[in-house]
K.L.:
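The structure is given below, and queries will be raised subsequently.
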Amino acid sequence: MNIKINPQNDKHFADGKPTLSASELTVGYKERKKSVNILFERVKFSIYPGDFVCLLGPNGSGKSTLLRIISGIQKPIDGEILIDGKNIAAYDSRELAKKISIVLTEIFDINNASVYSIVSMGRYPHNNWLGILRREDFEIVDNMLKVTDLLQYKDKNFFELSDGIRQKVMIARALAQDTPLILLDEPTAYLDAPSRIEIMHMLRHLAKQFRKSIIVSSHDLDLALQAADKIMLITKEKNIEIDTPEDLVLNGHFETVFNTKEVKFHPQKGIFKKKAEKKITLKIVGSKTEIFWTERALERIGISIRPDKDALGLLQIVKQNNEILWQLNIGTETFTFYSIGELLDYLSRLNFS
Ligand code: ADP
Ligand code: MG
């Protein structure tokens, strides 16, 4: 595929200098009685070309605020932000629009515009004052429709499309803007699981393909852990940690930020789970897939699995003539169930106290 990028931008990608760097950055909101609600205090971070970064933090921790600060929409209390090595305050709005593009969660109040015309809007910062598109602008728009797999929709009206396709259109528009830095605030918030996964992986691929720095805020922790090159984590100490997802899990930062009284992160499985209520233990034997789904169901009703003989009972999952049986031994008794549903029914009626 022959994709054309504004050659002017190429020099920013070659030398490995950060696209974005912040130092001594303090962000917050002034409240009434002269007090200030500080969200980040003296933080420092850098983002490089090709980085696909997920911005994570609990609700209200300041993800949207940080993206507004990085984009220059909002001013920090203190500190410095450099975009391509130049202080953000030194850019005029048109020059800044050549450096940063933004995709927001709610962008769907566009009426009566074709997909093509919306993606074309991305070219405005690069045009003259008449806003007339040149041949190279059309080429870039076509290319971006192609890489986001939207060519078939180009003449469609935006409001006829599904949420997932609309979000892709907004991403194509940001790509057409051809900025070294792309910011997206929860772009997958209203999408179903397949669209969320597709969009996250598409963004990661685009970051690599075009050497863009892409920062996406998300509350989808599992997906961010899977898809991100780096996670930008807002900590309880009003700091920002940037690291590879797996390193943040292993060094405990991830758990510290997201664990609550009720919900705990399980580093061995990479998922969040509600704490078990009951404390019954079973040893379980069978093949991997059956054990996986049985264990999930048991955990939901508060039964945990132990690998050792200290368990209260033994659950054997047996395959017999294309049928799966669950044989439960507790004490001297054996019970047979023909589905996980039956097993759960029985176990949840037992009184284990
Ligand atoms: P997130 O996107 O992580 O949910 P936000 O950036 O929207 O978090 O908000 C972070 C905090 O900043 C909020 O808890 C709120 O207290 C404060 N905040 C956000 N917007 C404003 C505002 N316009 N004025 C005053 N405080 C605000
Ligand atoms: Mg937000």
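Indexing begins at 1, ligand by ligand and atom by atom, following the structure's order.
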K.L.:
Write out the residue and atom name of the closest protein heavy atom to atom 14 (O) of ligand 1, then the distance separating them to 0.1 Å.
P.N.:
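Here the nearest protein heavy atom works out to Gly60 O, 3.2 Å.
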K.L.:
Decide whether an N or O pair under 3.5 Å exists between Leu39 and ligand 1.
P.N.:
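N/O-N/O distance under 3.5 Å: no.
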K.L.:
Can you tell whether the side chains of Asp229 and Lys208 come within less than 4.0 Å, N to carboxylate O?
P.N.:
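Result for this pair is yes, salt bridge flagged.
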K.L.:
Say whether Ser114 and Asp155, considering side chains only, have a donor N or O and an acceptor N or O under 3.5 Å apart.
P.N.:
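No, no side-chain donor-acceptor contact under 3.5 Å.
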K.L.:
Might you work through the side-chain contact (heavy atoms from CB on, under 4.5 Å) test for Ile215 and Leu20, ending with a clear yes or no?
P.N.:
CA-CA 10 Å; Ile215 307 178; Leu20 160 70; 3.8 Å; yes
K.L.:
Do we see a donor-acceptor contact under 3.5 Å between the side chains of Asp51 and Ser213?
P.N.:
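No.
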K.L.:
Hey, is there an N, O or S on Ser64 sitting under 2.8 Å from the Mg ion (ligand 2)?
P.N.:
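Of the N, O and S atoms in Ser64, at least one lies under 2.8 Å from the Mg ion (ligand 2), which means yes.
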K.L.:
List ligand 1 atoms under 4.0 Å from Lys63, heavy atoms only on the residue side.
P.N.:
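Going through ligand 1 atom by atom, the ones under 4.0 Å from Lys63 are 1 (P), 2 (O), 3 (O), 4 (O), 6 (O), 8 (O).
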K.L.:
With backbone taken as N, CA, C and O and side chain as the heavy atoms from C-beta onward, which portion of Asn37 lies under 4.0 Å from ligand 1: side chain, backbone, both, or neither?
P.N.:
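For Asn37, the contact with ligand 1 is made by the side chain alone.
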K.L.:
So which protein heavy atom does atom 5 (P) of ligand 1 come closest to, and at what separation?
P.N.:
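Residue, atom and distance for the closest contact: Thr65 OG1, 3.6 Å.
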K.L.:
Under the rule for side chain to side chain contact (heavy atoms under 4.5 Å, CB included), what residues qualify as partners of Glu333, not counting sequence neighbours?
P.N.:
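For Glu333 the side chain to side chain contact (heavy atoms under 4.5 Å, CB included) partners, ignoring immediate neighbours, are Phe335.
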K.L.:
Give me the residue, atom name and distance of the protein heavy atom closest to atom 26 (N) of ligand 1.
P.N.:
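Minimum-distance protein heavy atom for atom 26 (N) of ligand 1 reads Tyr29 CG, 3.2 Å.
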K.L.:
Kindly indicate, with the supporting measurements, whether the criterion side-chain contact (heavy atoms from CB on, under 4.5 Å) is fulfilled by Met202 and Lys168.
P.N.:
CA-CA 9 Å; Met202 185 183 86; Lys168 273 193 181 178; 4.1 Å; yes
K.L.:
As an exercise, identify every atom of ligand 1 less than 4.0 angstrom from a heavy atom of Ser61.
P.N.:
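What qualifies from ligand 1 is 3 (O), 8 (O).
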K.L.:
Quick test: of every protein heavy atom, which one is nearest to atom 7 (O) of ligand 1, and how far off is it to 0.1 Å?
P.N.:
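Nearest protein contact, heavy atoms only, for atom 7 (O) of ligand 1 is Ser64 CB, 3.8 Å.
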K.L.:
Could you identify the single nearest non-hydrogen protein atom to atom 8 (O) of ligand 1 and state the distance to 0.1 Å?
P.N.:
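In this structure, atom 8 (O) of ligand 1 has Gly62 N, 3.2 Å as its nearest protein heavy atom.
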K.L.:
Indicate the ring-plane relationship of Phe337 and Tyr346, choosing parallel, tilted or perpendicular according to the 30° and 60° boundaries.
P.N.:
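Tilted: the ring planes of Phe337 and Tyr346 meet at 30° to 60°.
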